[in-house]
S.K.: 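Below you will find the structure I want to go over with you.
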Amino acid sequence: NYKNTHTTNMTISTKYNIGDEVWVSVGGKPTKGKVRGINARIGRLGDTIYGRVTYEVISYELPYIENAVFPTKEELLKSL
């Protein structure tokens, strides 16, 4: 998540890039896949502009929020 109180510029950094190999949980099972797409949603709540990044990893699944995507199987297992 990203917050910015300026209305002229906003920079969004992502943890992963398209093509990166990552791990996600599919039905409770650790699954390796590649980032196929990155979505950024920007909105405003009062005077605060916010952003949320999601990753498309497996084509038949919904996009994963950033904290549900991991660089290794070990890190994914630690999070469960």
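Numbers here simply count residues along the sequence, with the first being 1.
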S.K.: If we only count heavy atoms from C-beta on, is the Ile49 to Ile42 side-chain gap below 4.5 Å?
M.R.: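 Contact flag for Ile49/Ile42 side chains = yes.
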S.K.: Compare every heavy atom of Asn17 with every heavy atom of Val35, then report the nearest pair and how far apart it is.
M.R.: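 Heavy atoms of Val35 and Asn17 come nearest at CB-O, 3.5 Å.
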S.K.: Main chain of Gly33, side chain of Glu21: is a donor-acceptor contact present, judged purely on distance under 3.5 Å?
M.R.: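 Such a contact is absent between Glu21 side chain and Gly33 backbone.
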S.K.: Quick check: does any side chain N or O of Tyr55 sit under 3.5 Å from a backbone N or O of Tyr16, one acting as donor and the other as acceptor?
M.R.: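 Checking the backbone N and O of Tyr16 against the side chain of Tyr55, a donor-acceptor pair under 3.5 Å is found.
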S.K.: Is Arg36 reaching over with its side chain to a backbone N or O of Glu56, donor-acceptor style, under 3.5 angstrom?
M.R.: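 No, because the side chain of Arg36 does not come within donor-acceptor range (under 3.5 Å) of the backbone of Glu56.
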S.K.: With the side chain counted from C-beta on, respond yes when Trp23 and Pro71 share a heavy-atom pair under 4.5 Å apart, and no when they do not.
M.R.: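 Counting from C-beta outward, Trp23 and Pro71 never come under 4.5 Å.
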S.K.: Looking at side-chain heavy atoms only, is the closest gap between Lys73 and Lys32 below 4.5 Å?
M.R.: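 A side-chain contact is absent here, since even the closest heavy-atom pair is not under 4.5 Å.
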S.K.: Check whether Ile65 and Phe70 end up in the same hydrophobic cluster, where Ile, Leu, Val, Met, Phe, Trp and Tyr are linked by side-chain heavy atoms less than 4.5 Å apart.
M.R.: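 Unlinked, Ile65 and Phe70 end up in two clusters.
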S.K.: Can you tell me how far CG of Leu80 sits from CD of Glu75, rounded to the nearest 0.5 angstrom?
M.R.: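 Separation between the atoms: 12.0 Å.
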S.K.: Would you say the side chain of Thr31 lies within less than 4.5 Å of the side chain of Ser25, judging by non-hydrogen atoms?
M.R.: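 Ser25 does not reach Thr31 side chain to side chain.
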S.K.: Answer whether the closest heavy-atom distance between the side chains of Val24 and Leu76 falls below 4.5 Å.
M.R.: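 No, every pair of side-chain atoms sits at 4.5 Å or beyond.
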S.K.: Do Val53 and Asn39 come within less than 4.5 Å of each other through their side chains, counting heavy atoms only?
M.R.: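 Contact flag for Val53/Asn39 side chains = no.
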S.K.: Would you say that Tyr50 contacts Arg44 through its side chain, given a criterion of any heavy-atom pair below 4.5 Å between the two side chains?
M.R.: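 They are not in side-chain contact.
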S.K.: Might you point out which heavy atoms bring Lys34 and Gly19 nearest each other, and give the distance in Å?
M.R.: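 Of all heavy-atom pairs spanning Lys34 and Gly19, the closest is CD-O, 3.8 Å.
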S.K.: Would you say Arg52 and Thr54 make side-chain contact, with heavy atoms under 4.5 Å?
M.R.: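 Yes, close enough: below the 4.5 Å cut-off.
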